[in-house]
There are 2 protein chains.
Amino acid sequence: MHSQSDLQDGARTGELDAPTRSVSITEQLRCGILAGDFQPGERIYEVNLSEKLKVSRTPIRAALQSLAGEGLLRHIPNRGYYVQEFSVDEIVQAYEIRATLEGLCAKRAAQLGLNAEDRDIIERALREGDLLLQKEELSADDRSIYGEINAAFHSAIHRAGQSRMLRDMLRVSQQVAPSSHRNVIAFELRDVRRRHDDHHRIYESILYRDGGRAELLMRDHVETVKISLIRSFSREATSPDGAVSSRTAKGVSSREIRRVK
Amino acid sequence: MHSQSDLQDGARTGELDAPTRSVSITEQLRCGILAGDFQPGERIYEVNLSEKLKVSRTPIRAALQSLAGEGLLRHIPNRGYYVQEFSVDEIVQAYEIRATLEGLCAKRAAQLGLNAEDRDIIERALREGDLLLQKEELSADDRSIYGEINAAFHSAIHRAGQSRMLRDMLRVSQQVAPSSHRNVIAFELRDVRRRHDDHHRIYESILYRDGGRAELLMRDHVETVKISLIRSFSREATSPDGAVSSRTAKGVSSREIRRVK
DNA sequence: TCAAGAAGGAATGTATACATTTCACTTAAG
DNA sequence: CTTAAGTGAAATGTATACATTCCTTCTTGA
């Protein structure tokens, strides 16, 4: 994908095209937070960041305010910004919300129909997933790749829903700290296979323009992820040496008490 | 000019306790936008506002960024802030989204149960609504009052859902410019009665802890508002002299072309 | 020893000056 | 007359200085 149609500036700097420092830093920080560069509940100091990123506090503040609006940060008026913490319960809630919204989005996609581009993307995601999941076992890389495939499938349907508000909310519901994508790819193979099969059926129902079925299937699909997540949490609680995502465990478990306020 | 030393914040305006100018102005502007003080699509100039509100551009910018995050304003990097426009289709979408979210919220409320306070509020809303809707006809004041009653009912359930993310999203879905509350109270009496009866049944299902029924009823309840809204829009399109909400008509009709872009 | 209060530093909130971009208008060329 | 480029004002983006708040720590008194 080449740079868009017209850009006069940005090419000069040689870096990625950023309209302003504020949005550039916003994107940078969002990636960092979602990647887990910051601890949940960690305070973010403006001066600290401004020195590290070599810009003044003004664009830093703008970025922090934006991210607070997205729910990634928490702002307390005279006390600064903190990385939003999510309790186990809140993560489960986020999945419930996402399930209903994804269901609605799939329904709309079915009613509105898919354009050629999204159809291609989805079919490719389905084919590549079929291929990948033939393996007896999945390596960490394989899981990461399937994570991309999964994201591509859902993103295409998000686009197909053709609703700005819906897309914004879906984004927020998926931005629940370091737990979101990293966890989804850490489940048992038969669960992954089952969910990939869900994708097939969802796509089918959308093709047939069956909005009701698409909604039902999609909602249940995401609810299934929620259930798996709960299972994984309870496993983690019983056997604390789980090789999977010690970082995630640290992020969400038993931090409710240490809340800022 | 050392105006900061001369007067402390709030002393001059005598307003309620505001932690900072930024949040005070944010609330002020939000009210103004929802009240229709600004035209949809209207550009908002920082200097203009800063002169009018007698503060520097800094807190103004902070407020505008916050409101953009809430979806009330639209920000284009070097081109300023604009009051978000909502096409008829987008307003309908917002109601679809709200319907699913309210449904989920009602389900959670049923599962979690109501506390005494919210139960009281809801029962009072039901009683007062019963009383008000016995009238043969509703005056503008009556409709405004029922708007309050309706808001109280839904707010209580929003609280009962006990989910920060859900509440945030419900707020966003209801902030679709001047169209939201003003319209709801402008429908035919029998529709209002029907929807008030919905409230009774929803409350009942929540009391019985029937989450599935609560969700179904609540979702359909809001969908009904959506349908009424669509009806009112098409009436408006055919007979342009509708006494009801000329302001609303101006806000949403045939402005899709004049998008900022 | 403990508690309450004062003082200091450090962080955020605000104001303002400066830099950059945008947009409209003018002007000149075709 | 139309179109294109250039110029200027005005608006937004950024940097920085100052004001206010908060928090820690030290002191002082009981």
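Just so it is clear, the model here is predicted, and its values are computed rather than measured. The chains referred to below are lettered A, B, ... by the order of the sequence lines, with proteins before strands, and numbering in each begins at 1.
In this structure, B:H75 does not reach the D:dA11 phosphate: none of its side-chain N or O atoms is under 4.0 Å from OP1 or OP2. The shortest distance between the side-chain N/O atoms of B:S22 and the OP1/OP2 oxygens of C:dT14 is below 4.0 Å.
The main-chain N or O of B:R79 is found under 3.5 Å from a side-chain atom of B:R43 such that the two form a donor-acceptor pair. Formation of a donor-acceptor pair under 3.5 Å by the A:S155 side chain with backbone atoms of A:A152 is not found in this model. For the pair A:Q175 (side chain) and A:V172 (backbone), a donor-acceptor distance under 3.5 Å is absent. A:E42 contributes a side-chain N or O that, together with a main-chain N or O of A:Q39, makes up a donor-acceptor pair within less than 3.5 Å.
Closest contact between the side chain of B:T20 and the listed nucleotides C:dT14, D:dA11, C:dA11 involves C:dT14. For B:R79, the listed nucleotide lying nearest its side chain is C:dC23; candidates were C:dC23, D:dT12, C:dT12.
Rounding to whole angstrom units, CD of residue A:Q65 and C1' of D:dG13 are separated by 14 Å.
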- prompt: Given the rule in the side chain to side chain donor-acceptor pair (under 3.5 Å) test, do A:Q174 and A:H154 qualify, once you have shown the distances and angles that lead to the verdict?
  reply: CA-CA 11 Å; A:Q174 289 180 272; A:H154 286 281; over 6 Å; no
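Residues of residues 56-64 of chain B that place a heavy atom closer than 4.0 Å to DNA chain D, in numerical order, are B:R57, B:R61.
Closest-nucleotide positions on DNA chain D for B:Y81 and A:V55 were compared, and the one nearer the 5' end corresponds to B:Y81.
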